[in-house]
Amino acid sequence: MEECISVFDMLKIGVGPSSSHTLGPWRAAERFLSELRNENLIHSVNRVKIDLYGSLSLTGKGHATDLAVMLGLSGQDPEYIPIENINTIIKSIESKNEIILGNEKTIPFYFLQDIVFNKNFLPFHANGMTFTAYMTDDSEYVSTFYSIGGGFVVKEERINAKKKIQIKCAFPYPIEKAAELLDYCKKENKSISEIVYENEKSMRTETVIDHELMRIWKTMLECMYIGCHSEGILPGGLNVRRRAFDMHQNLIGLANYDSPQTWLEEIRKTEVKFRQILKWVSCFALAVNEVNAALGRVVTAPTNGSAGVIPAVLMYYLVIENHNAGEKEIKQFLMVAGEIGSIFKKGSTISAAMGGCQAEIGVSSSMAAAALCELMGGTPEQVLMAAEIAMEHHLGLTCDPIGGLVQIPCIERNTMGAIKAINAAELALETDPKNAKVPLDKVVDTMWQTAKDMNNKYKETSEGGLAIAVNMADC
């Protein structure tokens, strides 16, 4: 039976720099607190220890996994926490050697001792973590979680399996593979976004769907705006200088604006030549991922490390291709993107720790290409072709972040994914689907096989590639 994955599962609002190494562990800590509350144990806890395994251990420092766990245990929500409060909370925990568990009970917490980095891998998934609560009566409560990419967190025993089966039946158009999606489009004479909207309506009201989709877009737009207006050096020790600020200044000139929306309107008035388009798209993508690298608020799309691709391509459509586009087109774009991402999640992976960067930038580029293709008038067949083309040219892409930070080559890589997405959409629009040789489902399968064949040192461990060729001292 098909798994039910909503657009809002694929596009989540959270805090950078990583969906699998920051947002996932943060959510796992929240779930651990929920388990303690459900067992009426939270007020009996006098110490908590967290063991991080595999990729979470190897690149956890660079991805702020330890900080995310502390924030989660403190009862903070990554979707709504004021970004300016993060450093204050962390510094308080580190200086006082105590944490307010679930914002309810203060207990001793020595972060250097109570967060343990174990380089060995747990067998179920590369991103494993175990939380242990020590009680006043000397008993222990232990729970293990796995961050499987895109902010998704699971337990090996699948304790929610029964609940998931019930949810699976909700969609009128359950989709596991791209071929099934295409069949629905043909039978119902609907676009991909229309099929997705019908599925979403089985879970939420139209008002809620429309509001939440626009909240996602406003977060993306604000993220691009902040990134384009922030200068300086990114945290982490690589001394990476932000580039979106200078690039934006050169592109925008002396325009007057006072909000993200009026900024968007001003960009529509700027010169449009091929070089300027390349620079604008790159600028949008750089802006998002510089915000992400600085522990800012982004939308996982489908991950934090690839968060810049989809906003950049959607912004391209709004400011370059269609100046009359508005909420309708934005919602349409996000629904198509979310559905394509869910097909990759079901058939392969969106975790770089499992599949390398093809699972992040590759999937995000595929999502963006499909969404753009539909907005540009592509048929469902052409939309799926655009997704296929984009992924086909990301197959085998490794994940090798220098210093375990989501900066080099990750930030630039989003610009490449965005440009490839636009190119893929245009190629698909100029191609008769009858002449297509490679269906999307075959590429999804190939990506998963490639992921399984890929050496672990290229799967977000910082043990190969650029992460070894270039070290912190070189930077």
Side-chain angles (χ1 to χ4, degrees), residues 3 5 9 18-32 34-35 48-63 65-66 68-69 72-73 114-134 140-165 302-303 305 344-360 363 396-401 404 444-465 467:
E3 185 179 359
I5 297 179
D9 292 323
S18 170
S19 50
S20 59
H21 288 58
T22 315
L23 182 58
W26 194 325
R27 291 301 189 195
E30 290 181 313
R31 282 182 58 179
F32 182 61
S34 295
E35 290 182 6
V48 172
K49 186 181 78 160
I50 306 95
D51 285 279
L52 304 173
Y53 294 94
S55 183
L56 289 183
S57 171
L58 292 166
T59 61
K61 284 287 185 183
H63 289 85
T65 305
D66 48 352
V69 167
L73 290 174
D114 294 333
I115 300 177
V116 182
F117 292 82
N118 302 278
K119 291 187 177 181
N120 55 307
F121 286 70
L122 297 181
F124 183 71
H125 192 278
N127 291 334
M129 69 203 101
T130 297
F131 293 79
T132 305
Y134 300 89
E140 299 176 7
Y141 182 87
V142 181
S143 195
T144 298
F145 301 89
Y146 299 89
S147 179
I148 62 172
F152 289 89
V153 177
V154 300
K155 302 192 74 170
E156 185 172 0
E157 57 267 35
R158 305 282 185 178
I159 59 174
N160 291 322
K162 185 176 180 182
K163 188 188 297 184
K164 284 189 176 182
I165 289 171
T303 67
F344 276 100
K345 184 182 183 303
K346 293 166 189 169
S348 185
T349 181
I350 58 169
S351 167
M354 292 295 287
C357 202
Q358 61 174 354
E360 297 202 18
V363 173
L397 188 61
T398 60
C399 181
D400 48 357
V444 174
D445 293 341
T446 301
M447 180 197 148
W448 181 228
Q449 188 58 53
T450 304
K452 289 187 287 186
D453 290 342
M454 189 180 287
N455 191 302
N456 275 339
K457 67 183 181 180
Y458 298 118
K459 297 180 180 180
E460 206 167 8
T461 59
S462 286
E463 294 182 325

Is any side-chain heavy atom of F117 closer than 4.5 Å to a side-chain heavy atom of L56? no
State, with a plain yes or no, whether a side-chain heavy atom of I350 is found less than 4.5 Å away from one of E360. no
D66: what forms a salt bridge (Lys or Arg N to Asp or Glu O under 4.0 Å) with it, not counting sequence neighbours? K61
CA sep, side-chain torsions, deciding dist, call: I50, L73, side-chain contact (heavy atoms from CB on, under 4.5 Å): CA-CA 10 Å; I50 306 95; L73 290 174; 3.7 Å; yes
Side chains of T398 and K459: is there a donor and an acceptor less than 3.5 Å apart? no
Is any side-chain heavy atom of W448 closer than 4.5 Å to a side-chain heavy atom of M354? yes
Mind checking whether N120 and Y53 have side chains closer than 4.5 Å, heavy atoms only? yes
Output for pair (T461 OG1, N455 CG), nearest 0.5 Å, gives 8.0 Å
Under the salt bridge (Lys or Arg N to Asp or Glu O under 4.0 Å) test, residues paired with E30 that sit two or more places apart: R27
Side chains of Y458 and E463 only: does a donor on one sit below 3.5 Å from an acceptor on the other? no
For F145, ring-ring contact (aromatic ring centres under 6.0 Å, His included) partners two or more places apart: F131
Do the side chains of I148 and S351 get nearer than 4.5 Å, heavy atoms only? no
Y141 vs Y134, test: side-chain contact (heavy atoms from CB on, under 4.5 Å). Steps then yes/no. CA-CA 7 Å; Y141 182 87; Y134 300 89; over 6 Å; no
Would you check if the side chain of S348 reaches a backbone N or O of F344 as a donor-acceptor pair within less than 3.5 Å? no
Looking at residues at least two apart in the chain, or sitting in another chain, which of them share a side-chain contact (heavy atoms from CB on, under 4.5 Å) with S18? S20, H21, T22, H63, V406, E460
Matching residue for C399 among C357, S55, S462 - test: side-chain contact (heavy atoms from CB on, under 4.5 Å): C357
Would you say the side chains of T144 and T130 form a donor-acceptor pair under 3.5 Å? yes
Distance alone, cut at 3.5 Å: any donor-acceptor contact between the side chains of T132 and E140? no
Tell me the closest heavy-atom pair linking S19 and S147, and the distance in Å. O-OG, 4.1 Å
Using a 6.0 Å distance limit plus a 45 degree cone around the ring axis, check whether K345 lies over the aromatic ring of F152. yes
If you compare all heavy atoms of G150 against all heavy atoms of T303, which two are closest, and at what distance to 0.1 Å? N-CG2, 3.9 Å
Determine whether more than 12 heavy atoms belonging to other residues, nucleotides or ligands lie under 6.0 Å from atom NZ of K119. no
Between Q449 and D445, does any side-chain donor sit less than 3.5 Å from a side-chain acceptor? no
So the salt bridge (charged side-chain N to carboxylate O under 4.0 Å, His left out) pairs with at least one residue in residues 348-358 (sequence neighbours excluded) are none
Would you say the side chain of R31 lies within less than 4.5 Å of the side chain of K155, judging by non-hydrogen atoms? yes
D51 side, atom CG; N118 side, atom CG - distance, nearest 0.5 Å: 5.0 Å
Between D400 and G465, is there a donor-acceptor pair closer than 3.5 Å when you use the side chain of the first and the backbone of the second? no
How far does OG of S57 sit from CG of L52, to the nearest 0.5 angstrom? 6.5 Å
Those residues at least two apart in sequence (or on a different chain) that pass salt bridge (Lys or Arg N to Asp or Glu O under 4.0 Å) with K457 are none
Looking at A359 and T349, what are the two nearest heavy atoms and their distance? CB-O, 3.5 Å
Measure across A467 and P401 and return the closest heavy-atom pair with its distance rounded to 0.1 Å. CB-O, 3.4 Å
